[in-house]
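Written below as structure tokens is the structure these notes are about.
All values below come from the heavy atoms of this structure, side chains included, with hydrogens, waters and symmetry mates left out. Numbered from 1 within each chain, the chains take letters A, B, ... in sequence-line order.
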Protein chains: 2
Amino acid sequence: MKPTVHDIARSAGVSLATVDRVLNARPGVREGTRVRVEEAIASLGYVRDVAAANLAKSRVYPFVFILPVNENPFMLGLRREVEEAIARSGTERTRIEVIDVPALESAALVAALDKVAAGDAAGVAFVAVDAPDVREAAGRVAAAGIPMVTLVSDLSQSPRDHYAGIDNIAAGRTAATLMGRFLGSRQGKIVPLAGSLMVRDHRERLDGFAEVMRQNFPHLALLPAVEGRDDPELVETLIGDVLRQHPDICGIYSLGAGNRGLLPVLEAKPLSPAPVVILHELTGLSSAALVDGTIDAVLNQDAGHEVRSAIRVLKAKADGLPVIAAQERIRIDIFLKDNLP
Amino acid sequence: MKPTVHDIARSAGVSLATVDRVLNARPGVREGTRVRVEEAIASLGYVRDVAAANLAKSRVYPFVFILPVNENPFMLGLRREVEEAIARSGTERTRIEVIDVPALESAALVAALDKVAAGDAAGVAFVAVDAPDVREAAGRVAAAGIPMVTLVSDLSQSPRDHYAGIDNIAAGRTAATLMGRFLGSRQGKIVPLAGSLMVRDHRERLDGFAEVMRQNFPHLALLPAVEGRDDPELVETLIGDVLRQHPDICGIYSLGAGNRGLLPVLEAKPLSPAPVVILHELTGLSSAALVDGTIDAVLNQDAGHEVRSAIRVLKAKADGLPVIAAQERIRIDIFLKDNLP
DNA sequence: AAAAAGCTGAGGTACGTAAATCAGATTTTT
DNA sequence: AAAAATCTGATTTACGTACCTCAGCTTTTT
């Protein structure tokens, strides 16, 4: 039978109130008594029943999600997952507030973080912009003792408790290995298509990709990245230009959210031989392109997993509990046409 | 504020006991009263507080895991994950009993399932052997109203509530696509290495693999599968023989747990040109082989995810709650040397 | 018609914890 | 030395649900 506070009280020869004060680090217990209670806790192997405690406290976890306003499918999906989490709030004892901030602007993010630091949130998750002022704001959140998780995009050298997102350097490296292996002995140029290299995840993916290309596939020339701002029309124009300029392109790595511009180009005037195309983010579009052979592989991060993981971690941190590390590692999903969900 | 049973009682003009009887489908409520209460429940949007209910019931979920006694790394890992779940039992309100059965023998599995059907378990998870007698035993478990999840290996046409494992046909197809693409224009033979084709997962992986090879890579000849019974020494002998017999082997797909026999062969006398090697199951061995280039890709299923998912699903079924489908889908992890955990 | 048996509803207690209130002892202040 | 303030510990209530006991009413049995 699991020991309860009553068992501890009996074992230590004190009342429930005293046990409660020791457990919750409240004042009003003499040193000697405190030690006796702590010994009883240790020797009985007591662990707090979080469900009962939450019931007694009528606890809800007020969490804040700071999300960039961004039209790309991934961010829309992320937002949808947060909304599903909100729909589950009733049964999960959470209350999730979403703060919208303009994408890529650190000022608004800083303001949102400072609002959180001043409030009574039990935790905050945010898509980081990797800038010094954001780092400082994160420091203030941490100083306020509020658990903090970065989502999708990490904040380097910051006191965040956890990062719920993929390793983007590894993702880039993986894309490069797939690209190189799929091309085999073919010769030609590779063009990376990014949203903006000001975004940390895009830069990291490109770095990882470039490194492996240089190291393992030196016979393939890596062109400078095309920055399409994840804007379908701009991407369409830029990619069209590049393909005309370099008829010997044999590989395309779309590491951002520019698929809506890229795919029409590929389908409109198919190159011959077809280039190897690797994209990020599984959507209806990319999934269809995978099936019909327009593209070869999709790397994906599961927004639902990221959101649920962020909430689990925030809860655990708020309760001072450990997290199951293996469970919270967000994996890089690799989809070929054969293992689509 | 979330409505409680008190709100329902007040709204329907009845007592708590009546609400309780309606909620828990107990007898002793007049039809008209029952309808009034149900209307109140619906109109207030009441959802039972599972935590409070479990507290009141002092509920523990007695689950049974039926695991095959098997020395291979994957099964050992699965067992370890079940043990970690047992270690968390205290905080998760579970009590997990493990029943060991000899691997691949349906009789012992049937006996274990019948024991479960006769007992008071709140759910059972088992690694299925796909045989008619097992299917019948599963029927008896279902008839006893006990939630049932197949783990790692599914049972076709059975009344299991859920399958916590990967789509093995898709895994085989994925391996074939990787194999074919990695080989590019190379010609030669491909040899599949299985544990036993009596096991459903192995058979399915091979089927998926063979189909894609035949369809998309007809220039590569698929040799008959080598059945190594996941026995390192046997595998070493058999693979050695096959490689001698067919000097033009350019691809090896190890779809079972024979890696401990295969890898030494590959490392001892490296073929030239090196064959493309794709394995299942990420272990210390396969991970190292990936890093040093002996092998090219590893397909993996995460045993920890499978066990945790099985428990979540069993709990949900026991409580009559819905499951988050996307969360419970076990994915086929593809590891290259670049995205190792 | 009286007694027994069912039906329906009310009230109270328990689950494990948190937290407010209360009581007694000790120390400090006047 | 008396009064006030501070410590320390005990008791009690509440959280939302389950379930047990009991009371009043209706129906059936004798």
Side-chain angles (χ1 to χ4, degrees), chain A residues 1-38 40-41 44-61 89-93 95 122 315 318-321, chain B residues 1-38 40-41 44-61 89-93 95 122 315 318-321:
Chain A
M1 211 51 192
K2 250 181 61 181
T4 74
V5 281
H6 293 86
D7 299 319
I8 296 175
R10 190 153 8 89
S11 165
V14 299
S15 78
L16 282 187
T18 307
V19 176
D20 179 64
R21 289 194 183 104
V22 173
L23 280 175
N24 296 294
R26 277 188 269 267
V29 182
R30 198 160 24 205
E31 185 54 27
T33 313
R34 175 178 301 277
V35 170
R36 270 207 340 271
V37 172
E38 274 163 357
I41 290 173
L44 292 178
Y46 169 83
V47 280
R48 187 195 305 253
D49 183 327
V50 179
N54 284 346
L55 179 60
K57 277 194 284 206
S58 304
R59 169 161 207 174
V60 289
Y61 298 85
S89 282
T91 57
E92 294 187 347
R93 300 194 114 81
R95 188 185 58 226
K315 273 190 179 179
D319 291 334
L321 292 167
Chain B
M1 209 53 190
K2 249 181 62 180
T4 74
V5 281
H6 293 87
D7 299 319
I8 296 174
R10 190 153 9 88
S11 165
V14 299
S15 75
L16 280 186
T18 306
V19 175
D20 178 64
R21 289 190 183 108
V22 173
L23 279 175
N24 296 294
R26 277 188 268 265
V29 183
R30 200 162 21 209
E31 185 53 28
T33 314
R34 175 177 302 276
V35 170
R36 270 207 342 271
V37 173
E38 275 163 357
I41 290 173
L44 291 178
Y46 168 83
V47 280
R48 188 195 304 255
D49 184 327
V50 179
N54 284 346
L55 180 61
K57 277 195 284 206
S58 303
R59 169 161 206 173
V60 289
Y61 298 85
S89 282
T91 57
E92 294 187 346
R93 301 195 113 82
R95 189 185 59 224
K315 272 190 178 177
D319 292 333
L321 261 41

> So with a 6.0 Å cut-off around CZ of A/Arg34, is the heavy-atom count from everything else above 12?
Replying inline: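 Result for CZ/A/Arg34: enclosed.
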Please report the distance, rounded to the nearest Å, between [atom1] in [X] and [atom2] in [N].
X        : N      : atom1 : atom2 : value
A/Arg93  : C/dA18 : CZ    : C1'   : 13 Å
A/Tyr46  : C/dG16 : OH    : P     : 10 Å
A/Asp20  : D/dA14 : CG    : P     : 17 Å
A/Lys2   : C/dC15 : NZ    : P     : 14 Å
B/Arg26  : D/dT21 : CZ    : C1'   : 14 Å
B/Asp319 : D/dT17 : CG    : P     : 13 Å
A/Arg10  : D/dT11 : CZ    : P     : 14 Å

Between [X] and [Y], which heavy-atom pair has the shortest distance, and what is it?
X       : Y        : value
B/Arg59 : B/Asp319 : NH1-OD1, 3.1 Å
A/Arg93 : B/Ala51  : NH1-CB, 4.3 Å
B/Asp7  : B/Thr4   : OD2-N, 2.8 Å
A/Glu92 : A/Tyr61  : O-CD1, 4.5 Å
B/Ser11 : B/Ala40  : OG-CB, 3.7 Å
A/Ile8  : A/Tyr46  : CD1-CG, 3.3 Å

Between [Y] and [X], is there a side-chain heavy-atom distance shorter than 4.5 Å?
X       : Y        : result
A/Asn24 : A/Arg48  : yes
B/Val50 : B/Lys315 : no
B/Arg36 : B/Val22  : no

>> How long is the straight-line distance from CG of A/Leu321 back to OG1 of B/Thr91, given to the nearest 0.5 Å?
In response: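 Nearest 0.5 Å value for the OG1-CG distance: 8.0 Å.
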> For DNA chain D, what residues of residues 48-58 of chain B have any heavy atom nearer than 4.0 Å?
Replying inline: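 Heavy-atom contacts with DNA chain D come from B/Arg48, B/Asp49, B/Ala52, B/Ala53, B/Ala56, B/Lys57.
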Strictly under 3.5 Å: I want the nitrogen or oxygen pairs between protein and nucleotides 6-13 of chain C, one per line.
residue, atom, partner, partner atom, Å
C/dG9, OP1, B/Thr33, OG1, 3.0
C/dG9, N7, B/Arg21, NH1, 2.7
C/dG9, N7, B/Arg21, NH2, 3.1
C/dG9, O6, B/Arg21, NH2, 3.1
C/dA10, OP2, B/Ser15, N, 2.4
C/dA10, OP2, B/Ser15, OG, 2.6

>> By nearest atom, which of the nucleotides C/dA18, C/dT17, D/dA18 is closest to the A/Asn24 side chain?
In response: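 Out of C/dA18, C/dT17, D/dA18, the nucleotide with an atom closest to A/Asn24's side chain is C/dA18.
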>> Need the bend value for the helix from C/dA1-D/dT30 to C/dT30-D/dA1: angle between end axes, 5 pairs each end, nearest 10°.
In response: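 One end axis against the other gives 50°.
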